[in-house]
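For reference, the structure discussed in these notes is given below.
Just so you know, residue 1 is the first one in the sequence shown, and it goes up from there.
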Amino acid sequence: MNKYIIRLMLFVTTVLLATSALAQNYSGILMDKGSRDPVDLATVILLSSDSTVLAAVTSDEGGYFSVTAEDAKRLQVSHILYETVRLELSKGFQDTIYLEQKSEQLSELVVRAERPMMKLLEGGIPSYDIDVLFAKSSVTTAYEMLSKLPGMSMENNVPVLVGTNGYTLVMNGKPSNIPQDQLLEMLKTIPVQMVANVEISYAPIAKYRAKGASINIVLKQQSKDKRLSGLSGQLFGAYVNEYYSRYNLGGNISYSDVSGFSLTGNYKTAWGSSLTDMTVDTQPFGTNGGYHINNHGKWTGPDHTVFADLSYAKDKHNVSANYYGSFSPNDRYIEQDRRSPDPLDRVQYSVANTHHAALEYVYNDHLMLGAFYTNYNGSKDVLYGLERAPLPTRALAYFMDQKSQVLGGHIDNSHNLGSGWGIEYGSKFSFSNTINHQQHRVAQGRQLSDESVTKTNRELLADAYVGIKKQFPHGLNMGITLVGDYAKYFGHEETFQVIPQANLMYVIASNHILQFTIDAEKKSPAYYEREPFTTIHSEYQQWQGNPDLRPYFSYEGQLVYILKNRYIFLLGDTYEPNSFAQLMYLDPKINQIVYKTWNWHYRNSLSVAAVLPLPQTTWWQGKLTVNGQFNSAKIDIPYAEPLERNRFMLFTSLTNDFVISEKYNFSAGADFRYITGGMQGIYIFSDIIGLDLSAKWVSQDKKWSVTLNGNDLLNRATPRIRVDYSIHQFDFVPNTFGRSVSLDLRYTFGSFKSEKKPTQLNTDRFGM
């Protein structure tokens, strides 16, 4: 379709609309052509053919405007700091209008300043403006955004907060009962344009149920102070090649109206194949001469994730219902040891479904009531060597499944008591019932007639907390929280602990913030890790459950200094008695490699970190992150003496965003990271080097975007692991191939208009 036909269609459409005697609405956003910042307090006027003023409005703090009139022929935008723009509506209307700054401005009357990328909320919590932070970035989704925030990095393809022992992810100020890994997966379907700001707190926030650091992602949505109306959404498709090809397709949609109703929905499907390529080389142990294994596997099958949220806000009341679902209806995995002279095929068929539903009520942004229900069903059927006839002595087959149901609720409340005092309190409970089932059908090439084994696990978890906070004069903030944690594992133990948390923040000046935090967090094992099941992987590998596995507490202390709202310096220590992690070791009694989770004596990590945004130019912005850690651990090792070990590790990363062409909205990114060799338990791993490159194009109307990514281009982001202790002598590489290339295509449609009165002067920038 050539440009003349397009113009003819636009002309015909304009004529038809103009001849209908209905008023026409024109909504959009005003942006600075150079900085891409929104322009507020601009006058938007609709004019008739004889330049009569038909309607006029001013843009709000987000640059949004909405103006309606009949028989409008022109739209004019005026601002004291910008050149006047006049658009002929007969030539079409674009909802994004770029304004050029006036060149004849008197310097004595004009104050120029960068729009701040961060501001401090109550209690000194940093809140980052996403539109400013990623105005010239190739970031596409909220998931990518998370790893590029100040203080954040990407490790093993998971966003981490540097210098902390994990964090609690919160959406719109409301803690979620969705598991964090699934919540992170949902962020991959949310475009970065839908995120308003992100709040990062190193201190525990009681109402978030965060035992340590927390990250609150605030979307552009309805609030009691602002009503949005309109329809907005995004459709996306992606191709990923990481040895095999995989495809993603999905979208999201958001609808709001001025009455307070809003609806959000996300959907993503993925299909194709992915690779596993694990190698293990062991020294002789037991009665065998050692193993030399290269398990090369291929996953195929579709995966689906869906999320929907329906909410209604009226005055001080907000009611919402949401649903999250994850489905893998027909996964197939086939694996073979490429080093074996007589390899057997390991074929696995699996199905997994997760359903989570929640109902939430919020009153005046401080009282929160909620109930939730989660249902999980998963099963897998494993066949090893069954393609042979007659069956070899190494052949085996088994079936196992898990069904889990969780029901719970919570209540949270907070009050401002005056004179800078505040209180937060609440309680949460959940009851889970998990049924694990396993049946071996073939072992050592022989058919079995054994009955299946079923194990039921029931847990009752509850906590109650009360927190007192005080804001003193001259920028001093203090908070103390006590958490009572109750756990009853039916058939095992019953525990109750009181967990103290405390934080102290001192805003020395607007450019100097000091924060000290002490907190504790309970870590519980997964359901399957405590079951007395042994899962045979092949004739030389098996996974073992551990009924003696127990939860542990992680104690953490941190000192954080934030300079000029940009530079972050952190000193922290994490001590974890009875910590646990899954490790691999050699078992000479059964002549197999065993994977098992068990409690250690302790694990400790002392870290010093710095996050340094580099001087920004018109075409480049970068961030340097440095984190040094001194790690120590003591652990009991099967068939060996207890091991006590210390090791220093250094993590460095440099992220870069480049503006290649501002005129054509073309940008690029280059991220480099280097980690010196470190340790985990008996593992010693090699240096890690990662290099990721990206390029992104966005259309002038902001509706289309194309992103090309190359991740782990050096194929050095997966560590090589060495174990050299007593009889445990082996080399292990979890995945020998990590390089991937992806192409992402997105289309954004619709827009929102704000009902907040734009004529009200926003004094936040003046410190009033």
Non-hydrogen side-chain atoms of [X] and [Y] separated by less than 4.5 Å:
{"X": "Tyr26", "Y": "Val44", "answer": "no"}
{"X": "Glu662", "Y": "Thr618", "answer": "no"}
{"X": "Val195", "Y": "Phe134", "answer": "no"}
{"X": "Asp692", "Y": "Asn709", "answer": "no"}
{"X": "Pro191", "Y": "Asn252", "answer": "yes"}
{"X": "Asn197", "Y": "Asp129", "answer": "no"}
{"X": "His512", "Y": "Tyr561", "answer": "yes"}
{"X": "Gln101", "Y": "Asp32", "answer": "yes"}

Are the side chain of [X] and the backbone N or O of [Y] linked by a donor-acceptor pair below 3.5 Å?
{"X": "Arg74", "Y": "Leu89", "result": "no"}
{"X": "Ser59", "Y": "Leu41", "result": "yes"}
{"X": "Lys623", "Y": "Leu149", "result": "yes"}
{"X": "Trp620", "Y": "Asn656", "result": "no"}
{"X": "Asn364", "Y": "His366", "result": "no"}
{"X": "Asp744", "Y": "Phe236", "result": "no"}
{"X": "His415", "Y": "Trp421", "result": "no"}

**Prompt:** Taking it one step at a time, do Asn416 and Gln471 satisfy side-chain contact (heavy atoms from CB on, under 4.5 Å)?
**Reply:** CA-CA 11 Å; Asn416 289 321; Gln471 185 167 342; over 6 Å; no
**Item:** Mutual orientation of the aromatic rings belonging to Tyr747 and Trp704 [parallel < 30°, tilted 30-60°, perpendicular > 60°]
**Value:** tilted
**Request:** Check the angle between the aromatic planes of Phe658 and Trp619 and answer parallel, tilted or perpendicular using the 30° and 60° thresholds.
**Result:** parallel
Rounded to the nearest 0.5 Å, what's the gap from [atom1] on [X] to [atom2] on [Y]? Could you check?
{"X": "Tyr167", "Y": "Leu169", "atom1": "OH", "atom2": "CG", "answer": "6.0 Å"}
{"X": "Thr625", "Y": "Leu612", "atom1": "OG1", "atom2": "CG", "answer": "7.5 Å"}
{"X": "Met152", "Y": "Tyr128", "atom1": "CE", "atom2": "OH", "answer": "11.0 Å"}
{"X": "Gln234", "Y": "Ser705", "atom1": "CD", "atom2": "OG", "answer": "6.0 Å"}

**Item:** Minimal non-hydrogen separation, Ala55 against Thr68, with atom names
**Value:** CB-O, 3.4 Å
**Request:** May I ask you to check if Lys470 and Phe472 form a cation-pi contact, with NZ or CZ under 6.0 angstrom from the six-membered ring centre and within 45° of the axis?
**Result:** yes
**Asked** His317 and Tyr361: side-chain hydrogen bond (donor to acceptor under 3.5 Å, both in side chains), yes or no, with the steps?
**Response** CA-CA 8 Å; His317 307 275; Tyr361 168 72; 2.7 Å; yes
**Item:** Criterion side chain to side chain contact (heavy atoms under 4.5 Å, CB included) against Leu367, the qualifying member of Asn413, Val362, Asp412
**Value:** Asn413
**Asked** Out of Ser254, Ser256, Ser311, which one pairs with Ser262 under the side chain to side chain donor-acceptor pair (under 3.5 Å) rule?
**Response** Ser311
**Request:** Mark yes when over 12 heavy atoms from residues, nucleotides or ligands other than Lys33 sit less than 6.0 Å from its NZ; otherwise mark no.
**Result:** no
**Pairs involving residues 142-152, ordered by first then second residue, that meet salt bridge (charged side-chain N to carboxylate O under 4.0 Å, His left out) (sequence neighbours left out)** = Lys148-Asp671
**Request:** Start with the C-alpha gap between Met171 and Asn322, add the side-chain angles, then the distance that decides, and say whether side-chain contact (heavy atoms from CB on, under 4.5 Å) holds.
**Result:** CA-CA 12 Å; Met171 298 288 289; Asn322 60 68; over 6 Å; no
**Item:** Evaluation steps, side-chain contact (heavy atoms from CB on, under 4.5 Å), between Leu81 and Val39
**Value:** CA-CA 10 Å; Leu81 302 180; Val39 178; over 6 Å; no
